[in-house]
Structures are given as C-alpha cells and as structure tokens.
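Reading through the structure tokens given below for one structure.
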There are 2 protein chains.
Amino acid sequence: MVPTTWRERRRAEAVAEIKDVARRLLVAGGPSAISLRAISREMGMTTSALYRYFASLDALVAALRGELFEELGRVTQSARDEAPTDDPILRVLAMARAFRQWGLEHRQEFGLMLGPPVAGVAGPDQEPSAPDDAVACVGVAFLGEFAELWRRGTLVIPAVDPIEGYLVPSLDMYVAERADLEPLVVFAFLSAWTKLYGIIAMEIFGHMTWAVTDTEEFFEAELAEFARQLAGETNNVPGPG
Amino acid sequence: MVPTTWRERRRAEAVAEIKDVARRLLVAGGPSAISLRAISREMGMTTSALYRYFASLDALVAALRGELFEELGRVTQSARDEAPTDDPILRVLAMARAFRQWGLEHRQEFGLMLGPPVAGVAGPDQEPSAPDDAVACVGVAFLGEFAELWRRGTLVIPAVDPIEGYLVPSLDMYVAERADLEPLVVFAFLSAWTKLYGIIAMEIFGHMTWAVTDTEEFFEAELAEFARQLAGETNNVPGPG
DNA sequence: TAGACAGAGTGAACATCATTCACAGTTCGG
DNA sequence: CCGAACTGTGAATGATGTTCACTCTGTCTA
C-alpha cells in the first residue's frame, strides 16, 4: 500500500504538488482560477502532462475537495480531543469554534466544499445519497457527541411531532458502538448541525455584513444560547417593556 | 423615466433578453455556462455587440443577480401578504416556506445569489458592508414581522448575555415606522434568519442527503418547533428512557 | 430640414483555457 | 534484457472574454 518503487514515490509527490498548486490558485483567485495551464506553468511542465495524473480539471478539483474535507475533519476532531473528555457540550463547542475558525481562514476552500455543487465536480451524475458523502466526515463527529450526551441522559431536546420517516435509517452506523440512536437525538443533532452551518456559511459567504458588525461576538452569543438550550436552562423573556 | 424613444425601448428589450438568455444558460449548466458567445449565438448577434449593454461578463452576472434578488423578494413578500395580517407567526412561516420553495425550484439561481461570492461579481473590491446589500431585501421582510411580534408583546425570546456592540446600529431603519428595535429582538431575528438559511442552503446545495431522506418533512418539523419556541411553548424532553 | 453626434452592430484579432493525439524517453518486471 | 507500462513533449482543435477600427442608423439640435 505504501509506495515502494521510485516511480510510485515520484508519482505521489507529483500528485501532491499538483493539488498544492491548485489549492494556491484557488486561494488566490477563487475556483475559476484553478487552471491546468497555470499549474503546468508553475511546475515547469507541459499542460498535457498533467493528464497523466488527473483525467480532467474537474477530477483534479474533486480530488482537492476530498482532501480539504479530510483536513477539516482532522482539524475539528483534534479540537474536540483537546476538550475535556467528560463534557460533551464543551466538546461540541470546541468543534463548532474550530469549524468556524478553519472556514474563516480558508474561505475559498470552504466555498468549494460547502457551497453550491460545482458543475463537473459533484454533478447530478454522481450517486446522490452516497452514505460516505464528504460532508458527513465532519458532521458525524458532532453526531457522536450528541449520542454520548444522550447516553448519559443529560441531553434535553424539544419534543418534535412525527419524527419518523424522514431520517436516513442507518445513521447510527457512524456512531461508536452502534448507539441505536433515538430519532429524537438525530433530530436534535440535525437541528444544531444545520444551524451551525447557517451561521458559519452566511458569515463566510459575506451574507451577514448588512446586519452584524462583530460576527465573532454574534457567533459566541449563539453558541452560549445553544449550550444553554442543551442543558435545558433556557430563560425566556417576554415581550417589550 | 419610462423609456419613450424607440431606441430606448429597443435597448431595454435587448437588456432584458440578454439577461433572460443568461438565466437560461445558468439554469441549464450552472454559473460557468453563462458565456457571452453562447448568448450572442442564441440572439443572432455578434459577441462584441453585447458590450454595448454590459461592460463585461461579470457585470452581466451581477445585474442578473440583482434581478434575481428582486424576484425572490417579490415572491416571499407576496407569500407573506397572502397570510392573515393579524398573525405575524403565520406570516413568518409563509415567507419561510416561499423562500425554500423558490430556492428548490431555482437551485442555480439560489447558488449564484446565496452561495459563496463569485470572483468578479461581488468581490472584495466592492464596498463590504453596503447597507443595501441584496441579501437584505429578503431578510428585512422577516425582520419586519419580528418587529411586529415584539410590538404586540407576544414575542418570547431567550435572554442573551451581552447583546450590544455587534449589531449594525441602524438596522431598525428598515422597519416600518422606525420601531426602535430592542437589540434582543434583532438577535431573535438573526437567530431565526441564520437558521433558516442553514436548513435551506444545506438542502439546496445537496449537503443533507447523507442524513435526511425527506427534506420537506424535516423542514416542516423545524418550522413547527420554531413556531413553538416563538410562542414560548417549548416542551422539552429529558434524556433516554 | 441638414448635418453632427451618439448609439448599435460588425468582423478581425489576441490572449486565455481544456482536451486530444502521435510521438519519444524512462523505468519496471518477468 | 527486452517488452510493456509509465511519463513527458509539442502541435493541434475549439472553446472562451475582451479590444479595436469600422460602418450604419436613429436622434437631436442649429
């Protein structure tokens, strides 16, 4: 499995360098700035030589996208592992912060990964409901903490009407030891997951500047309220006065 | 203001047709499929002639984007106006449903509008915190209902720690009669707004298929829980059992 | 009303891009 | 050690945005 022959090692290096240059171009000028010609120029190669490593530009971008998901997954999970083991809520918060932080530091990458699907990269020809969808990589880590929270009996969630039927049935497959998740837990996770995505994506895509000046403070306020809800400590406030 | 001379009328028609064709191309093949050459071909014109109407391809796309925001604004607000005037919560729900529905029926447009900023269309050179940001057009309608809800004293919101400081100060400018919005109300709106964006964008961008089969049911469940929270009727459920 | 002027369209040109192909050099395995 | 697979080359094709010098034609003014 590990490259042994010279050619294989050389090839792996080339693939890695191509993806590195592609990422640099992405960061510098957005997805449309990733061009085989620019890559070949920077690497001192012919453009056609790149086709020995990737079937097309789209294939390259798809590979890069996959690698970025791995990176984001590593980052969030290592943030989780630095949080105290016995406090799932703190672990969730740590992951959420790491998620946002990485996104802010890698806006273009974030857009490529979690923006609208790019034409040839994740088109409708791909199987739509692939169970190993790249997005799952990072989402599942959150799900795991919700499962742990539920296992301890400290998870407080709103009772939702007809919860059955619309969740992917084998979702607890991802969770350690097949937790046999209550659908309500999955709903609680999804609710938090979509909300997290909303805040972060909106900020990174620049759709929040018209309403919020200090997005970090807003994010922390949302996080605090979220933690309060998880602990069942919501103290509501009635109308004006 | 209204075009009177023949040339002006003719010009307005041409501009409209160009944007129409551009939109058709967008729908058919994504943003990268919008090309001046394809437009000119379809219109039986020379490509260079298009430069009499738009300074560049990016300018065309930007104009199209603006028009799409107007359309989405009209759709959501007309959905609101069909809901009972005396029930702000129902009005918010109607707008949320219309928002999602329009997005699902116009995925490419939605991506262009609310996805990551496209290179030349909404680049960093544009003024970042423009108060008339296009996203505001649709968001403000939601804010208005929250203001109304608050005015009636029926809005129940969580108490959030240090709310001052990170909100755009002149946000109540948008609200009818300058409501002098309590920051807490703005926070409640933003919380709902980001959440709504999260659910809808995630679904439209295809980032939810790995976890949810029937996204419509999930959306309705979230909506119901949201309405319950707004009315202060959350009935929580403790851990496993 | 006649002429000046701005608007609208043309066709050629240049630079960029992805992709393919026949060809040649290099490395590996039997 | 020799054939086969791998890696790279250079030319070619056809797509793209953008510019420029031109014509032609409405429109407005003197």
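In the text below, chain A, chain B and the rest are named by the order of the sequence lines, each starting its count at 1.
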From CA spacing to verdict: side-chain contact (heavy atoms from CB on, under 4.5 Å), A:L60, A:L36: CA-CA 9 Å; A:L60 201 189; A:L36 293 179; 3.9 Å; yes

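Rounded to an integer number of Å, the gap from A:R37 CZ to D:dA12 C1' is 11 Å. C:dT19 atom P lies 10 Å from atom CG of A:L60, rounded to whole Å. In this structure, A:E8 places its CD atom 9 Å from P of D:dT7, rounding to the nearest Å. We find that CZ of B:R7 is positioned 4 Å from C1' of C:dG7, with the value rounded to whole Å. Protein atom CZ of A:R41 is 15 Å distant from nucleotide atom P of D:dT9, rounded to whole Å. Atom CE of A:M43 and atom P of D:dG8 are 8 Å apart (whole Å). Note: CG (A:L25) to P (C:dT16) measures 15 Å, nearest angstrom. As rounded to whole Å, 10 Å separates atom P of C:dT10 from atom CG of B:L50.
The two residues A:Q108 and A:P31 come nearest to each other via the heavy atoms OE1-CD, 3.7 Å.
At least one side-chain nitrogen or oxygen of A:Y53 sits closer than 4.0 Å to the OP1 or OP2 atom of D:dG8. Between A:R9 and C:dT27 there is no side-chain polar atom (N or O) within less than 4.0 angstrom of OP1 or OP2. Neither OP1 nor OP2 of D:dG8 sits under 4.0 Å from any side-chain N or O of A:R11.
Using a cutoff of 4.0 Å between basic side-chain nitrogens and carboxylate oxygens, A:K195 and A:E222 are scored as salt-bridged.
Among D:dC28, D:dT18, C:dG9, the nucleotide with an atom closest to any side-chain atom of B:L57 is D:dT18. The listed nucleotides are D:dG8, C:dA18, D:dT18; the one nearest the side chain of A:L36 is C:dA18. Here the side chain of A:S35 is nearest to one of D:dG17, C:dT10, C:dC17, namely C:dC17.
For C:dG9, the base has no donor-acceptor partner in the side chain of B:S48 [N/O atoms by modelled type, under 3.5 angstrom].
Under the 3.5 Å distance criterion, the side-chain polar atoms of A:R100 are left unmatched by any main-chain donor or acceptor of A:I200.
Sequence order on DNA chain D of the closest nucleotides to B:S56 and B:W6 puts B:S56 first from the 5' end. Where A:A38 and A:R52 meet DNA chain C, the nucleotide closest to each residue was compared, and A:A38 sits on the side nearer the 5' end.
Among the protein residues, B:T46 comes within range of the nucleic acid bases, having at least one heavy atom under 4.0 Å from a base atom.
In summary, the aromatic rings of A:Y197 and A:F99 are positioned with their centroids too far apart to meet the 6.0 Å limit.
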